[in-house]
Amino acid sequence: MDKIDQGEKVSIFYFKLEEMDLYILISYELDTKKKKVGLNRLFLCAEKELINKYIKRFNLASSLLEVQDFEEQILTNLEQAINDYFSGKNVDLYEKVQELNVEIDLKKMFNSEFSYNVIKALLEIKNGEYTTYSHIGNKINSKAYRAIGNVLKNNPVPLIIPCHRVIRKDGKIGGFMGIEGNGWETDLKKKMLMIEGISPN
DNA sequence: CCCTTTGAAACAG
DNA sequence: CTGTTTCAAAGGG
């Protein structure tokens, strides 16, 4: 685990998944009083080079920093939980993350009423279940299916907030992390659904 | 402000 | 498969 400074408040760290060649980069803020980690963003990519580019693009310093004890513990647990999930253990990452003192500020992440409602409806879909864009629309009383897709596309924390559980009503897999069609992104979405016991076409 | 454009979609044909 | 419908959000006058 390498922690890297991103200025005053925000830190990032990254790791490689054990089960596959994917890298995960997480940005977060510390709450030293509550001894919690506030999750800002989770970024997935298939090549380590992209992580380096990402760091440079956001003008991040590459020097390693002191990591506080509670912080190290939380981040290690988080990394472990994500690896457990991909190794097929039955973990619901959104629920797990709360146990680990990782906070997700939904109102800050989804600051319009519409996007907040979309995410609230999504979070009712538990591990082992799936839903469709139109079903979410029904729940929040909206026919703006494509707008719902936009909210999910802009999910700052994929894997954790389970946008992968939303597929198209016609049975197709739909997009993932902004990407439609073939690519490692949709393969990953399929894989996660299979881990959760769902086999989409 | 108002107008236009743009969507990990859905539907009808 | 191909239009058409749909409406929230973002961007440009």
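First the proteins, then the strands, lettered A, B, ... as listed; each starts at 1.
No more than 12 heavy atoms of other residues, nucleotides or ligands sit less than 6.0 Å from atom CE of A/Met194. Sparse packing is recorded around OH of A/Tyr130, with 12 or fewer heavy atoms of other residues, nucleotides or ligands lying under 6.0 Å away. Heavy atoms of other residues, nucleotides or ligands lying less than 6.0 angstrom from NZ of A/Lys34 number 12 at most. By the 6.0 Å contact criterion, NZ on A/Lys36 is enclosed, its count of non-hydrogen atoms from other residues, nucleotides or ligands being greater than 12. Within a 6.0 Å sphere centred on NZ of A/Lys169, heavy atoms belonging to other residues, nucleotides or ligands number 12 at most.
Applying the side chain to side chain contact (heavy atoms under 4.5 Å, CB included) criterion to A/Glu29, with sequence neighbours excluded, gives A/Lys9, A/Val10, A/Asn40, A/Lys108. For A/Glu47, the side chain to side chain contact (heavy atoms under 4.5 Å, CB included) criterion is met by A/Leu50, not counting sequence neighbours. Residues satisfying the ring-ring contact (aromatic ring centres under 6.0 Å, His included) criterion with A/Phe110, sequence neighbours excluded, are absent altogether.
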CA sep, side-chain torsions, deciding dist, call: A/Tyr85, A/Gln80, side-chain hydrogen bond (donor to acceptor under 3.5 Å, both in side chains):
CA-CA 9 Å; A/Tyr85 171 80; A/Gln80 180 72 51; over 6 Å; no
I'd like to compare against my own output: the B/S/- annotation of nucleotides 2-8 of chain B with a strict under-4.0 Å heavy-atom distance to protein.
-----BB
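A/Val166 and A/Lys189 make their closest contact through O-NZ, 2.8 Å (heavy atoms, listed as atom of the first residue, atom of the second, distance).
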Polar atoms only, N or O, under 3.5 Å: list the protein pairs with nucleotides 11-13 of chain B and their distances.
from: B/dC11; atom 1: OP1; to: A/Lys169; atom 2: NZ; distance (Å): 3.0

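Across all strands shown, B/dT6 forms a Watson-Crick or G-U wobble pair with C/dA8, both key distances being under 3.5 Å.
The interatomic distance linking A/Lys143 (NZ) with C/dT6 (P) rounds to 7 Å, in whole Å. If you measure from atom CD1 of A/Ile136 to atom P of C/dC7, you get 18 Å, rounded to the nearest angstrom.
Near DNA chain B, meaning a heavy atom under 4.0 Å away, there are no residues from residues 106-125 of chain A.
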